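Fair warning: this is a prediction, and the values are worked out from it, not measured in the lab. Remember, it's 1-based here, ligands and their atoms both numbered in the order they're listed.
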Amino acid sequence: MNIERNNLIISDEEVLRPTRVEVVLNLLSENFHKIKAATKNALVMPILKANAYGHGLVCVAQLMEELKADYLGVAVLEEGIHLRNAGITIPILVLGGIWGNQIPLFIEHDLSITASSVGKLNQIEEVAAQIKKRARVHLKIDTGMERIGVHYYSAEKLLEASLNCKNVDVIGIYSHFANSDSRDLSFTKTQLERFLETCSFYEKHSLASPIKHIANSGAILQIPDANLDLVRPGILLYGVYPSQEVKKTIEVKPALSWKSLVVYFKIIKAGSTVGYGMKWKAEHDIRAVTVPLGYGDGYMRSMSHKAEVLIRGKRYQSVGVISMDQIVVNLEQDSAYNGDEVTLIGRDGENSITVEELADWAGTIPYEILTNINTRVPRVYID
Ligand SMILES: *Cc1c(COP(=O)(O)O)cnc(C)c1O
């Protein structure tokens, strides 16, 4: 079911499936404003890749446009086209690598292209000349991440080549940090130095510099010197810190909750097993409820035997292996009723469950938990 509509607010009644993600738009706005205030004069490019870190691509983009974000960042061409088709008009940079046959689509949809080598830049120039439209480009410099981008020690040839392009507007030049959310920032500082050294090309040749950018969430929190002309906050915008050890210099709040409803109540007799592989056995009679979500929604199977949920404000353990579409929760001797709310991520009364806890149970990072909540789960936006 697609519940992303043009208007941002969707009433609960419209959503049939009780397993849902709730996003509080005001919290996203507050997080955006806090980041904007902390990074002062820098432009802000909210990063909306992977369905806006699970928060819903189009609605988050519409909100960011309303809040006057300067730019949007996505990972792949299709995400950019989707935003243009949804009526988003602010500049959009696609951060990933490109193939030659995609270039006309980039240009036709007015998406900024990452040029990560001289060869790719020349391809962009050729296509732009052919179709007689200007291409917008950000040059990608590899300062130590070793994914895409021309290495900083041979970047000059890319910068020089860009000066010879007649049909390309070089809007930006950027790089990406490998380790900016760690306690030890020595390599991050090395990367920043390498990048600034590369960018000094423009000064040396008395040329106007394109927009310089390198700061992701970790750097925004820990290295103000890296803000440069534009910052690229991803996870921080959604109110989650990029790591446990990062300095929390900006206070943000998580905007996403994950909820469902009890669909079934029963008593499980001592000696009965729960779920596939019969991995959990009741030692004594217990009360239990079934909740209609599972790894098919992104509630990761690796959290089996560890995951806890909130019902009626209290924490309970899920038992048995997590199935594709259902989990079973052990209430011990407590009661719950069909239709009671179940909180997988978020607050219920005094208690709350964080995305960091789910990441611990699954042996992963909060980014993966958020981006794995898949499109089968409707997103509901609360103002
Ligand atoms: C994902 C990404 C970001 C945002 O990273 P966060 O750690 O979520 O802030 C910024 N820049 C690039 C190039 C990215 O790929």
Problem set entry | Close N or O approach (Gly234, ligand 1; < 3.5 Å) | yes
For this session: Could you tell me the residue and atom name of the protein heavy atom closest to atom 1 (C) of ligand 1, and the distance to it rounded to 0.1 Å?
Result: Lys49 NZ, 1.4 Å
Exercise. Checking salt bridge (Lys or Arg N to Asp or Glu O under 4.0 Å) against Arg312, which of Asp334, Asp348, Asp340 comes through?
Worked result: Asp340
Problem set entry | Element-labelled atoms of ligand 1 that are located less than 4.0 Å from some non-hydrogen atom of Arg147 | 15 (O)
Problem set entry | Carboxylate-amine/guanidinium proximity below 4.0 Å for Arg315 and Glu357 | yes
Exercise. Do you see a donor-acceptor pair shorter than 3.5 Å between the side chains of Thr188 and Ser180?
Worked result: no
For this session: For Ile235, take its heavy atoms, then give the atoms of ligand 1 lying under 4.0 Å from any of them.
Result: 6 (P), 8 (O), 9 (O)
For this session: Give yes or no for whether the N/O distance cutoff of 3.5 Å, strictly under, is met between Lys140 and ligand 1.
Result: no
Exercise. Relative to Tyr174, does Lys212 satisfy both conditions: NZ or CZ under 6.0 angstrom from the six-membered ring centre, and within 45 degrees of the ring's axis?
Worked result: no
Seminar exercise, completed: His176 heavy atoms within 4.0 Å reach ligand 1 at atoms 2 (C), 3 (C), 10 (C), 11 (N), 12 (C), 13 (C), 14 (C)
Exercise. Considering only heavy atoms of Tyr53, which atoms of ligand 1 have at least one such atom less than 4.0 Å away?
Worked result: 1 (C), 4 (C), 5 (O), 6 (P), 8 (O)
Problem set entry | Residues Glu332 and His284: side-chain donor-acceptor under 3.5 angstrom | yes
Exercise. Considering only heavy atoms of Ser217, which atoms of ligand 1 have at least one such atom less than 4.0 Å away?
Worked result: 6 (P), 9 (O)
Exercise. Met145 near ligand 1, heavy-atom distance under 4.0 Å?
Worked result: no
Exercise. Looking only at N/O atoms, are Arg232 and ligand 1 under 3.5 Å apart anywhere?
Worked result: yes
Problem set entry | Backbone N/O of Val94 and side chain of Thr114: donor-acceptor pair under 3.5 Å | yes
For this session: State the NZ-CD1 distance between Lys120 and Ile98, to the nearest 0.5 angstrom.
Result: 6.0 Å
